Amino acid sequence: MNPSLTDASADEPNGTRVHALDHLRALAMLAGVLFHAALAYSPLLHPWWPAADRQHAPLIDALVWLPHLVRMPLFFLVAGYFSASLLQRRGMSGLARQRVRRILLPFLVAWPLVHLSVAMATGWAAEATLYPSPLLQMVREWMAMPDAQAPPPGTGHLWFLHYLLLFGVLHWVGRVLELGGLLQRWLALGMPWVALSLPLLLWPGFALTSAPHPAPEGLLPQFWAIGVYGPFYALGVALFGRLESLDSLRRWLLPATFACLLAYALFLRALGVVLVPGNASWDVAALQALIAGWATLACLVFGLRALAQPRAWLRYLAASAYWTYLMHLPLLFAIQYLLMDLNWPWPAKFAFAVSATLVLCVVSYEILVRRTPLRRWVG
Amino acid sequence: MNQVLNLPLIRLLVIKDWQLFQKQLAAYVLAGIVALALLGLARPWAFYLGSLLLIIVLVAGSCFSISNSLLVERKEQTLAFVMSLPLSPLDFTLAKLAGNLLTFGVPFGLLLLGTLVVVLTTPLPDGLVVYSLLIYGHILLAYSVSLMVAMQVESEGWNTFAMIASNLLVNPLIMLLGQIDAISIPARADAIVWSLPAVLILSAQVLLSLAALGFTAWWHGRKPAFY
């Protein structure tokens, strides 16, 4: 059995394994490591990112926001598909038990550990670095205050586990209230209509938050995150057993890619060079909805063809992706804090930070997870 | 009491109540998520709307739980069928109590947890924890009294009265809490203060709830026959 985040083999109802979905999910999580590493050199996030380096490059901002709009939607779409697969094989109680074992327990264990390690690394960096980021400077001033109030607790980069649990509950709600018919009717319109309507569904969600959208790290469910990621999860559920319906989108792939690139250029132009607080305007939200909807579908269609064959390295990547994603941020921050004072060019810092983080994650996976009982939870 | 309980059948009856309640429960969970998301917006209008929705969900949940498992079954004369099962009156009473406590307790517990998370993790003053617990305490008491009445009294009118009256009393309770300085002033501060009046009110709510449930179990447990 291939261990995966949802512990569901990505099977079609006829038992055929869909390797492409395992691979896509692993690549989406890996893209998250690259994305978080790149933010240290983003001019736009320079005032807000704790590991922001004194060197930054506009090229980063030109590149990172596109995968940002795709990777988590793709992840939730695949998660929805796997949930539907698991539901068919083990029923709702089986799905609930699996969610507790594979998501709730790892979340409850990893959350305080990740929070503590990030806080310790950040506290050290705020005191010790010669060239701290603006946020680290704020942390330094905050630490010097005698009656400093602790910031409200958040889920950090583990927010995706929180939302997987929430969507699991909403999945049960939808099933009990027999809302599946709505999904079937949506899909019955045909995939081109689904592709056209998907950005419309996402639009309000993107308009309820800032652009580029932040991570929904709060402990409470946030409407915008449900509105943005929920439709992808639901689409994943609806696509279970119907992946072949995506074939009708193949001809549409090339024009959609061009449309996404054009929308992305307009989005970057609207974004400017300074992050504007407050909700995105409706036109910027529309651009994000279009990019997220179509680029995610394009990745899915492309991935189902290009990643369909089992490959050893992708299989290994898929198996270690959950652990890697859980562990990467504290390690990445610690490494990037150490790199802050060095005079290396930013591409060298970026490459080193990514490589070192991935090596540490893979080595720890080999030692702590792959051949140990932990594999059952986070393998 | 040397009666042997038919635990497998009690379990089945509890599962039956749970399954019959699932649709309402799903709707309450959905409304509860919306209410918590509203509270999480941390804006005055959203806080008001979210709190109101939470109270509506809690009250509706408690009333539906009792209505579904006791009043509707009584109207549909399900008891005649239950009497054909190898069950004693005590088994039946325990199944009804457990089923009700489960269908009410799960959403109640989840929403209570959610409310505490809201208060403790948003800019809302932490002192609201005590205030919220007192309101939840009242909902628990109203539910226990309504359940006691539903199990004791067959009249639908009296049952409806008990449910509406006990739950509506949350309004005077909120006003009363606002009048007690030892509760209302700390509720606006960022520290959790357990004043004597707050402890007394919460203790009374919990003890009276337990007493109502205990009395019901005891009263029905000693009945030799279903009628």
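The structure displayed is predicted, hence computed values, not measured ones. Order of the sequence lines sets the chain letters (A, B, ...), proteins ahead of strands, with each chain counted from 1.
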What do the steps show when you test A/Val173 against B/Tyr28 for side chain to side chain contact (heavy atoms under 4.5 Å, CB included), and what is the final call?
-> CA-CA 9 Å; A/Val173 168; B/Tyr28 297 144; over 6 Å; no
Heavy-atom contact with chain A under 4.5 Å, split by part of B/Leu41 = side chain
Whether over 12 other heavy atoms sit under 6.0 Å from [X] [atom1]:
{"X": "A/Trp48", "atom1": "CH2", "value": "no"}
{"X": "A/Gln137", "atom1": "CD", "value": "yes"}
{"X": "A/His115", "atom1": "NE2", "value": "no"}
{"X": "A/Phe107", "atom1": "CZ", "value": "yes"}
{"X": "A/Met145", "atom1": "CE", "value": "yes"}

Identify the two heavy atoms, one from B/Lys23 and one from A/Val176, that lie closest to each other, and give their separation to 0.1 Å.
-> CE-O, 3.2 Å
Could you tell me which non-hydrogen atom of B/Ala37 sits nearest to which non-hydrogen atom of A/Phe223, and how far apart they are?
->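 Scanning both residues completely, I find the closest heavy atoms to be CB-CZ, 3.6 Å.
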dist A/Ile226:CD1 -> B/Ile33:CD1 (nearest 0.5 Å) comes out at 6.5 Å
Output the distance between atom CG (B/Leu36) and atom CG (A/Leu220), rounded to the nearest 0.5 Å.
-> 6.0 Å
